[in-house]
Amino acid sequence: MIRELEIGDLAGCLDMAVSRDWGAEEHKWRLLFDVGTVFGYVEDHAVVGTLVSTSYEPGVVALSMMLVAESYERRGIGRALLSHALDHAGAGAVVYLSATPMGQPLYERLGFVKLLDETLHVGAWAAGHATGTTREATPDDLTAIAALDTAVFGADRFELVRRLPSFDERLRVIWRAGSVVGYGGAWMNIDTTYIGPVIAESFDDTCALIDDLAGPAPGRVRIDLTHDRAELRDWVTKRGLEPIADTWVMVHEGRTLPGDRARLWAPVMQALG
Ligand SMILES: CC(C)(COP(=O)(O)OP(=O)(O)OC[C@H]1O[C@@H](n2cnc3c(N)ncnc32)[C@H](O)[C@@H]1OP(=O)(O)O)[C@@H](O)C(=O)NCCC(=O)NCCS
């Protein structure tokens with residue numbers, strides 16, 4: 001049976017994620033419960049499948065955390081969850097996701113089309129000096145950050161953006177000529193500092209944001225980049241991050257993602273775009 005999960009189901013979600021080697025990403029799941037709708041496939045009161053749907057007005061939906069417990073695989077649970085989420089999204093929505101190789105066949109069967117290759121880069125950041133281009137965001141910056149985010153993303157992510165100051169370890173902005181022209185965040189996922197989002201109008205601003213976000217990070221740093229960002233992928237590799245896994249950005253029925261994506265260099269996380 002598919003039902004909407006609540007925060008009380010978090011432990012079941014984490015157990016299943018761990019059983020599939022995804023890690024107990026509690027901080028991330030809590031945000032997803034907050035901003036998204038978590039669908040669960042429940043059998044005998046146990047969560048055996050999950051899929052998170054996060055909607056941004058007007059009509060953009062990011063799907064994530066598609067997981068089915070190993071002992072329940074190949075019974076159509078993944079397909080049922082995905083069909084349910086597509087119905088929930090509605091016919092007019094642009095629905096997209098990042099697909100692991102394991103998920104790709106299922107997504108293709110339900111009408112998702114590959115848009116871009118994407119690679120996860122992980123490693124210890126070779127910190128330089130602070131760039132001086134960015135500064136720490138303050139509560140007063142939030143309205144301007146949200147406006148930039150909406151213009152670039154092409155839908156209203158205010159419910160997400162307003163949570164970033166408490167969710168993130170660092171949130172940095174670039175002001176120029178009286179407006180915010182870039183911003184970026186870094187958040188802790190278990191033991192790894194995840195860099196995202198990164199929104200900027202130039203390659204140099206993007207590097208400045210990433211340097212200032214990753215520089216103070218202890219231990220491992222991760223950023224996920226699509227392959228149309230060849231120069232940036234090269235640059236993060238030189239700073240110490242290795243490509244470790246590949247996914248596909250897929251869009252349902254091959255629709256076009258809105259906004260000005262040229263300025264969206266890295267997602268908040270794959271789950272949220
Ligand atoms: C990817 C994943 C979600 C698929 O879940 P699932 O419940 O096994 O998916 P389904 O059962 O709906 O479909 C998978 C396969 O089972 C087949 N199947 C569905 N119902 C079936 C049934 N009653 N009997 C036999 N096979 C069946 C499907 O045709 C499909 O076959 P194919 O892969 O050979 O083409 C699951 O394997 C998983 O959690 N993987 C690890 C995490 C992951 O990578 N998730 C994707 C993130 S993007």
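We use all heavy atoms of the structure for the numbers below, so side chains are in, but hydrogens, waters and symmetry mates are not. Whatever order the structure lists ligands and atoms in, that order sets their numbers, starting from 1. If you read the sequence from its start, that first residue is 1, and numbering goes on from there.
- For ligand 1, the atoms sitting less than 4.0 Å from at least one non-hydrogen atom of Arg79 are 12 (O), numbered in the order shown with element in parentheses.
- A side-chain N or O of Thr226 and one of Asp228 form a donor-acceptor pair less than 3.5 Å apart.
- Between Phe39 and His84, the ring-plane angle classifies as perpendicular under the 30° and 60° cut-offs.
- Asp211 and Thr131 share no donor-acceptor pair across their side chains, judged by distance under 3.5 Å alone.
- Note on ring orientation: taking the six-membered ring where Trp is involved, the planes of Trp187 and Phe167 are tilted (angle from 30° to 60°).
- In terms of N/O distances under 3.5 Å, ligand 1 is approached by Val68.
- Looking only at distances, no side-chain donor or acceptor of Asp149 sits under 3.5 Å from a matching main-chain atom of Val161.
- Residue-to-ligand polar distances keep Trp22 apart from ligand 1: every N/O pair is separated by 3.5 Å or more.
- Close contacts of ligand 1 with Gly78, meaning ligand atoms under 4.0 Å from a residue heavy atom, involve 5 (O), 6 (P), 7 (O), 9 (O), 12 (O).
- The atoms of ligand 1 that sit less than 4.0 Å from any heavy atom of Tyr107 are 46 (C), 47 (C), 48 (S).
- Protein heavy atom at the shortest distance from atom 28 (C) of ligand 1 is Arg109 NH1, 4.1 Å.
- For atom 45 (N) of ligand 1, the closest non-hydrogen atom of the protein is Met66 O, 2.9 Å.
- Under a 4.0 Å criterion applied to the non-hydrogen atoms of Ser98, ligand 1 contributes the atoms 48 (S).
- In terms of protein heavy-atom proximity, atom 1 (C) of ligand 1 is closest to Met102 O, 3.7 Å.
- Interface atoms of ligand 1 facing Leu67, defined by a heavy-atom separation under 4.0 Å, are 39 (O), 42 (C).
- Using a 4.0 angstrom heavy-atom cutoff, Ala99 counts as in contact with ligand 1.
- Just one of Arg109, Met66, His252 meets the side-chain contact (heavy atoms from CB on, under 4.5 Å) condition when paired with Leu82; it is Met66.
- A distance-only check finds no donor-acceptor pair linking the side chain of Arg222 to the backbone of Gly123 [under 3.5 Å].
- For ligand 1, the polar-atom distance check against Glu73 finds a nitrogen or oxygen pair separated by under 3.5 Å.
- Between Gly76 and ligand 1, an N or O atom pair is found at a separation short of 3.5 Å.
- Distance check for atom 43 (C) of ligand 1: a protein heavy atom is found below 4.0 Å.
- Remark: side-chain polar atoms of Tyr183 are not paired, donor with acceptor, to backbone N or O of Asp141 under 3.5 angstrom.
- At the top of the distance list for atom 38 (C) of ligand 1, counting protein heavy atoms only, stands Arg20 NH1, 3.6 Å.
- Here the side chain of Arg163 pairs a donor or acceptor atom with the backbone of Glu159 at under 3.5 angstrom.
- Scanning the protein for heavy atoms near atom 46 (C) of ligand 1, the closest one is Thr100 OG1, 3.3 Å.
- Taking atom 13 (O) of ligand 1 as the reference point, the nearest protein heavy-atom neighbour is Leu106 CD1, 4.2 Å.
- Arg239 places no side-chain N or O within 3.5 Å of a backbone atom of Trp125 that could act as its donor or acceptor partner.
- Comparing heavy-atom distances from atom 27 (C) of ligand 1 across Arg74, Gln270, Arg75 singles out Arg74 as nearest.
- The aromatic rings of Phe153 and Tyr96 are tilted relative to each other, their planes meeting at an angle between 30° and 60°.
- Gln104 does not count as a contact of ligand 1, since none of its heavy atoms falls under 4.0 Å from the ligand.
- For Thr50 (side chain) and Met65 (main-chain N/O), a donor-acceptor pair under 3.5 Å exists by modelled atom type.
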